[in-house]
Every structure is written in C-alpha cells, then in structure tokens.
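Here is the structure we will look at, set down as structure tokens.
Below, read A as the first sequence line, B as the second, and so on, with proteins coming before strands; counting in each chain starts at 1.
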Amino acid sequence: MDYLKNLNEMQKIAVTSFGKPILIFAGAGSGKTRVLTHKIAYLVDQMGMPPENILAVTFTNKAAKEMKNRVDSLINGFDVSKINIGTFHSISALFLRKNIYLLGYEPGFSIYDQDDSSKLVKNAIKSLDLDTKQYNFKNISYLISSLKNKMIYPNEYEKITSEYREIKIAKIYEKYQNDLKESNAVDFDDLLLLPLEIFEKFPEKLLEYQKKYQYVLVDEYQDTNKPQFKFISSITENHKEICVVGDDDQSIYGWRGADIQNILDFEKSFLNAKIIKLEQNYRSTSNILNAAHSVVSKNLNRANKKIWTDNKKGELIKIIECVDEQNESLKLLKNLKKIKDDNKSKFSDFSVLYRTNSQSRILEDYLRRNAIPYVIVGGVKFYDRKEIKDVIAYLRLIVNNSDLISFERIVNFPVRGVGKTSVKKIIDYANEKSINVFDSLKNLGEINIGQKQKKSLKIFRKLIEEASDNSDKYDILSIVKELIKSIGLKEYYLDQGTDDSYDRWSNVNELINSIEDYTNKFPDLKLIDFLEEVSLLSDIDRWNDESDAVTLMTLHSAKGLEFPYVFIAGVEEGLFPLYSSIDDVEQLEEERRLFYVGVTRAEKQILLFHSNSRRRFSGERVPTIKSRFINEIPDKYLDYEKRSFIENKVPHLSYNEKNTSETFIEGDRVLHKVFGRGRVLNVQGIGGESKVTISFSGNQIKKFILKYANLVRI
DNA sequence: CTTAAATACTTTTTT
DNA sequence: AGTATTTAAG
C-alpha cells in the first residue's frame with residue numbers, strides 16, 4: 001500500500017479510480033508507465049483481482065516485458081506472470097492459435113508480413129489476368145491493408161464504387177483474401193480482424209473472453225485503429241471496466257489506420273467516463289517542454305491541455321545550420337563529443353533521431369570512422385534479409401504445408417532444377433483441384449512436367465514431410481540444423497565463394513545462433529512459437545539497450561523512450577515535414593505531432609540540425625531550407641549556432657586509432673570494449689583497413705574497421 | 001533450366 | 001546508389 005506514496009495527487013486518483021471507464025490524458029513524461037504499473041498492482045493487491053483476469057495492451061513487446069517486471073517489484077505474493085500483457089498483435093495471435101479453427105483455419109497458420117502479403121496480391125493480379133503495370137501490386141497491397149484497417153470488406157468496397165478500376169481492385173482484394181485462407185495464412189490486419197469475426201459469429205466466445213478479461217488497460221490509446229477499438233469495446237461491453245492511457249498530441253500512426261478520434265471521442269463511446277489529466281512533466285527541462293508545446297499547440301484538432309514542469313529551464317534548444325548532409329554528420333559528431341566531455345556522460349545518453357531510415361547511412365559512416373559506438377534500431381532488418389527469409393520459409397512450410405508464399409519461395413531454392421514453368425503448372429493443378437500446392441506434389445503423375453523435375457520434387461516433398469513429422473518430437477535447433485544439412489545450404493553459399501555469399505552464410509549462421517539461444521531459453525517451446533516471435537517482434541523489441549552506445553533510430557521508433565540528449569537530423573522542409581504532407585492539413589498536423597514526440601524525448605538538451613542542401617534521389621542535390629517547425633518555436637527558447645567558417649572536411653581524429661598488428665580469422669573469440677564478448681564471423685581485406693564482422697550476444701552483428709575496433713583476442 | 005545482363009524501383013513512418 | 005526483378009543468352 002505504501003507504494004502509493006510515490007505518486008502525485010492526479011496519479012493517485014488515476015491509480016485508485018474504478019467502477020467506470022477511465023481515460024487518462026498522459027502528457028509526455030508525466031509518468032504514465034508508473035500509473036499503469038501501479039494501477040495493475042493496486043488491482044491485484046488491493047482490489048483482489050486475480051492476475052489472470054487482467055488484460056493490459058502495450059505498444060511494444062519490450063514495454064510489455066518491462067511493465068510485468070515493474071508490477072512484480074511492486075507487490076509480493078502474486079503470480080504476475082499470469083497477467084495478460086502484450087501488444088494487440090501478440091494478444092490476438094495467442095487468441096487465434098486457440099480459436100481460429102472456428103473460422104476454418106488450422107492452428108498452425110502462418111503470419112504474413114508486408115512482403116509476403118504483397119507477393120500474394122501480385123499472384124492475385126496475375127491470376128485475374130490484369131495488367132501488372134496498371135495494377136501495381138505494392139500500391140494495391142497497401143490499399144487493401146488500409147481498407148482492412150477501416151474494416152471495409154471486398155463486397156462492401158465493390159458496392160461503394162462505380163469506377164472500373166476500383167471494381168477490379170475489389171476483385172483482387174477478394175481473391176487475395178481467399179488465397180490467404182487457402183494458404184492457411186493471416187496478414188497483420190487479419191490478426192486484428194479475425195478475432196472480431198469470431199466474436200460476431202460465436203457470441204459464446206465473446207462471453208468467455210468478457211469473463212476472462214475483467215479489467216482492461218490500454219496504453220498508447222491515441223494510436224489504436226478501428227478493429228482495435230472494436231476489440232476492447234466488445235470485451236468490456238458488459239462490465240465497462242476499462243482504463244485507457246494516451247496523448248492525442250503523440251498520435252503518429254494515422255497512415256497505418258490509427259484513428260485519433262478514438263481518444264478524442266472516448267467520452268462518446270464509453271458513456272459516463274471519467275477523464276483524468278496528467279499534466280506535470282518530470283522528464284524534460286522547461287525550455288524543452290515549452291518549445292515542444294509551442295509547436296504542437298499550432299494544431300487545431302487536439303484536446304485542450306497544457307503540460308508543465310517544475311524542472312529548471314536548462315539549456316536552450318540548439319539550432320545548427322549545415323552545408324549538406326556530410327557537414328551535418330560532422331557537426332553532429334562534434335557536438336556529441338563536446339556534450340559528452342563537458343558532462344562526463346555516456347554514449348548511451350545520446351540518441352540521434354531522423355524522419356527516414358535512409359538518413360542513417362551517412363551518420364553511421366561518420367560514427368564508425370570516429371570510433372563512436374552506436375546501435376541502429378530498424379532500417380534493414382535482420383529477418384528481412386533474403387537468406388534469412390529463405391530459411392524461415394522452410395520452417396513455415398514445415399509447420400504449415402499450405403503456405404503458398406513460402407512454397408514458391410523455396411521450391412527451387414537452393415536450385416533443384418524446378419523452373420518457373422514447372423512451378424506454374426503445379427500451382428495451376430492445385431487451383432484446379434482446389435487442393436493446396438504441397439498436396440499436389442503427391443499427384444505428380446497427373447502433372448505434365450519433366451521426369452527430372454518430378455524426381456527432385458519428390459525428394460523435396462519427402463524432406464518437408466519428414467521435418468513436419470519431427471517438428472513436435474525434436475527441439476527447434478535440431479530441426480533447423482538437420483534442415484540446413486539436408487538442403488546443403490552451407491555448401492550452396494560457400495561454393496559460390498563470393499564476398500556476398502560468404503556474408504549470407506554468416507547471417508544464416510547467426511540465425512542458427514539465435515535459434516540456439518532461443519532453444520536454451522525456452523526449451524519447451526515449439527517451432528511455431530519461434531516463428532510467431534519472428535513475425536511479431538518489432539525493431540524496438542530487438543533493441544539491446546544495455547550497451548554503452550549512441551542509439552540511431554526514426555522518430556517513430558523513439559515513441560515512449562527518453563534520453564538525456566537528443567539530436568534530430570534533417571529538420572528541413574520537405575524532409576520533416578515530408579513533401580507529401582505539406583499540402584494536407586491532417587498529415588501536416590501528424591508531422592507536427594511527430595516533431596513534438598521527438599523533442600519531448602529529451603531530458604536535458606535537444607539539438608536540431610538542418611542543411612542547406614541535400615541529395616534527394618540518386619544524384620541530384622537539392623537546396624533545402626529549415627523546417628517550419630523551427631520557426632514555430634519562439635526565439636526565446638532558441639540558440640542559433642554562430643556561423644563559423646565552414647568545416648567540411650572529414651576530421652582526422654586519431655585518438656582511437658591504433659596500429660593493430662594483430663589479425664583475426666573466422667571463429668576467433670574477441671573482446672570489444674563496448675559490445676563485450678563476440679565471435680569473428682568474417683574478415684574482408686588485409687591489415688588495419690580490413691573489415692571484420694563480429695557477432696555479439698543478443699543477436700547483434702557489427703562490422704568494424706579493424707584498426708578502430710580495439711579488439712582483444714580472448 | 002540456369003546464368004548473366006538489363007531494367008526497374010527505391011526513400012515515409014511499421015505491427 | 002544499391003538492390004530486386006525481368007529479360008536475354010547459353
């Protein structure tokens with residue numbers, strides 16, 4: 001009970017109010033995580049609610065994990081692990097594993113990511129004999145996703161339009177949805193929609209879950225979409241025991257279907273609701289807060305509130321004008337070093353944020369060249385690499401034989417002499433007989449393809465079937481190792497002998513390592529659980545925040561995080577806000593909120609960088625001007641860096657430069673001062689200039705220039 | 001059917 | 001600029 005002492009008056013009210021729907025407007029840095037964890041603790045400890053009857057939805061899996069730990073440290077004698085905490089997507093996935101049979105899917109369904117989905121859309125376009133140039137599969141895939149987010153189904157979409165093209169798109173949409181089911185697969189949107197379909201068709205299921213989830217908490221409520229709203233409002237329909245936390249000023253996922261009206265209209269959707277505002281910020285200096293507020297308050301569509309703080313004024317917001325992106329990276333680096341030296345801070349106290357992932361490359365170059373340790377969140381994802389997706393496709397097909405996209409991906413990988421024409425014949429046959437592609441391999445006699453092809457397909461079929469049979473008997477690691485051996489993946493990559501193929505094999509090796517970790521950590525979990533984790537873990541979830549390194553990420557990824565020092569790169573018209581947002585009031589307001597999110601991540605100091613020119617497409621250099629968002633901050637909060645002579649040279653910083661005479665080879669165990677113990681995966685080049693690829697614990701792969709890396713052999 | 005060369009596409013953010 | 005997909009040659 002004494003844990004309530006650590007809360008302010010408003011927070012206390014928020015924690016101890018029950019009996020009606022509650023909306024907590026929690027401004028940036030106002031301690032909402034604290035409120036949520038205390039509320040859960042209070043529910044269990046004081047209200048006597050069994051942990052298993054609580055449902056808490058967070059925005060990332062990382063946040064879910066942290067929340068569990070924090071609740072656990074607040075109360076004793078309860079099994080906190082029974083609380084249902086997770087993202088909407090992971091909670092739905094769990095629900096569907098148990099209940100999707102009601103809709104005629106198998107429990108081993110695959111979860112398709114954007115890439116898989118758009119491939120399936122492409123198939124649909126082709127099989128409807130539409131022109132692939134006129135009907136761009138990626139655009140249409142995106143469109144279908146936004147329709148699903150708005151809960152508009154194919155037949156409804158067809159009804160609301162009379163345009164030829166849109167009617168065709170409705171057909172594609174319909175075919176796509178059928179093909180998904182044929183493949184026993186769901187996309188990210190289905191994950192949210194199918195539970196609703198089950199609730200509608202099987203009211204007893206809804207009743208069951210209404211009883212199970214007696215109290216529902218939702219974090220980051222401003223970023224929920226229509227299906228998510230429906231999910232929580234159905235669950236709480238009877239008891240109305242719901243508490244949502246959010247900040248309309250931080251709604252930044254509108255483009256993904258998030259509806260800011262969910263939070264603004266909460267009182268209309270949940271009658272008799274209690275609204276609580278947490279307006280005291282404990283995170284940032286008042287300069288940071290005032291600057292951020294002065295920008296976001298330009299938005300018209302927002303709830304009226306003003307965040308305040310007792311914290312001291314702090315440093316002004318530094319505005320740094322640069323010549324181009326190289327100069328920007330350079331100045332960023334110099335400022336980072338200066339602040340670090342002046343304050344004796346750690347690298348991990350710094351975060352560099354940007355609007356687009358493509359901005360990270362040049363920043364990375366400069367940091368690496370100057371031996372500044374850094375980690376990048378997002379960007380080119382490990383699990384998006386081709387070689388990794390290939391192995392994952394095998395695993396998926398083993399779990400779910402109906403998975404068409406995975407089948408197409410690997411039926412001829414590594415090459416087994418089955419070309420496009422043969423694959424097409426097999427798929428056509430399967431369609432004709434309405435069986436799944438994999439089953440059609442059992443009737444090869446009826447398909448008109450060559451003997452050689454039939455022979456290797458038979459081997460392929462046996463391979464998958466045996467693995468499927470074994471998938472329950474053996475642990476994940478053994479299955480994967482056996483698989484890689486039998487398809488000869490190592491030989492396939494190493495025989496090519498190129499740098500590229502070598503890299504790819506190291507990545508596959510890294511996947512094996514991470515599977516080994518996973519198997520050790522969760523010996524009882526099955527292949528299907530691993531695949532689900534791979535599909536649903538976000539970039540932030542995979543971020544290892546333990547190492548002392550500067551964190552680079554997009555503004556979107558930074559939501560919910562905080563750092564003492566935050567640098568935002570590329571604060572220019574056209575980039576932030578983006579060109580495409582400038583003419584659209586709603587989109588511009590969302591960019592402004594994104595700016596607000598970025599600035600309020602900072603505790604002590606924020607620096608905004610903008611360049612006078614930037615390379616836009618491939619080669620063209622475009623003049624750029626500073627963002628309107630900077631102009632929207634009153635001058636009294638700003639400190640324009642004095643324009644000194646322009647240094648545009650790559651600095652020659654030698655303090656970390658060492659002449660390493662030591663050379664390393666693959667397999668060497670090494671120690672790095674930031675990342676700790678690791679293993680050398682690959683060495684490219686000779687001497688100090690050579691690049692070494694090293695894998696560290698936690699599935700981290702890093703590349704270094706040897707002479708800057710300060711590696712010690714162990 | 002496979003490999004190499006040519007062409008297309010990308011850079012807005014992500015579960 | 002770099003990768004992915006498509007096309008042409010073998």
Q.
Does Phe88(A) reach a base, just sugar-phosphate, or nothing at all? Heavy atoms under 4.0 Å.
A. nothing

Q.
At 4.0 Å (heavy atoms only), tell me whether Arg361(A) reaches a base, stays on the sugar-phosphate, or touches nothing.
A. sugar-phosphate

Q) Among dT15(B), dT13(B), dT5(C), which nucleotide sits nearest the side chain of Phe188(A)? A) dT15(B)

Q.
Counting the atoms with a prime plus P, OP1 and OP2 as sugar-phosphate, which does Asn412(A) contact under 4.0 Å by heavy atoms, base, sugar-phosphate, or nothing?
A. sugar-phosphate

Q) Quick one: on DNA chain C, does Lys420(A) or Asp384(A) contact a more 5' nucleotide (nearest heavy atom)? A) Asp384(A)

Q: Indicate whether Trp255(A) forms a stack on dT13(B); treat it as stacked only if centroid distance is below 5.5 angstrom and interplanar angle below 30 degrees.
A: yes

(Q) With salt bridge (Lys or Arg N to Asp or Glu O under 4.0 Å) as the test, pick out the partner of Arg355(A) among Glu572(A), Glu591(A), Glu573(A). (A) Glu591(A)

(Q) Is the terminal nitrogen or CZ of Arg396(A) (NZ for Lys, CZ for Arg) located under 6.0 angstrom from the six-membered ring centre of Phe109(A) and within 45° of that ring's axis? (A) no

Q | Nearest to side-chain heavy atoms of Thr356(A), which nucleotide of dG2(C), dC1(B), dT12(B) | A | dT12(B)

Q.
Regarding Lys122(A), tell me which of base, sugar-phosphate or nothing describes its non-hydrogen contacts under 4.0 Å with the strands shown.
A. sugar-phosphate

Q.
Taking the P atom in each of dT11(B) and dT15(B), what is the distance between them to the nearest angstrom?
A. 16 Å

Q: Compare the minimum distances between each of dC1(B), dT12(B), dT14(B) and the side chain of Thr554(A), then state the nucleotide with the smallest one.
A: dT14(B)

Q) Just checking Gln453(A): base, sugar-phosphate only, or nothing, at a heavy-atom cut-off of under 4.0 Å? A) sugar-phosphate

Q. Checking all strands, does Asn357(A) fall into the base, sugar-phosphate, or nothing category for heavy-atom contacts under 4.0 angstrom?
A. sugar-phosphate

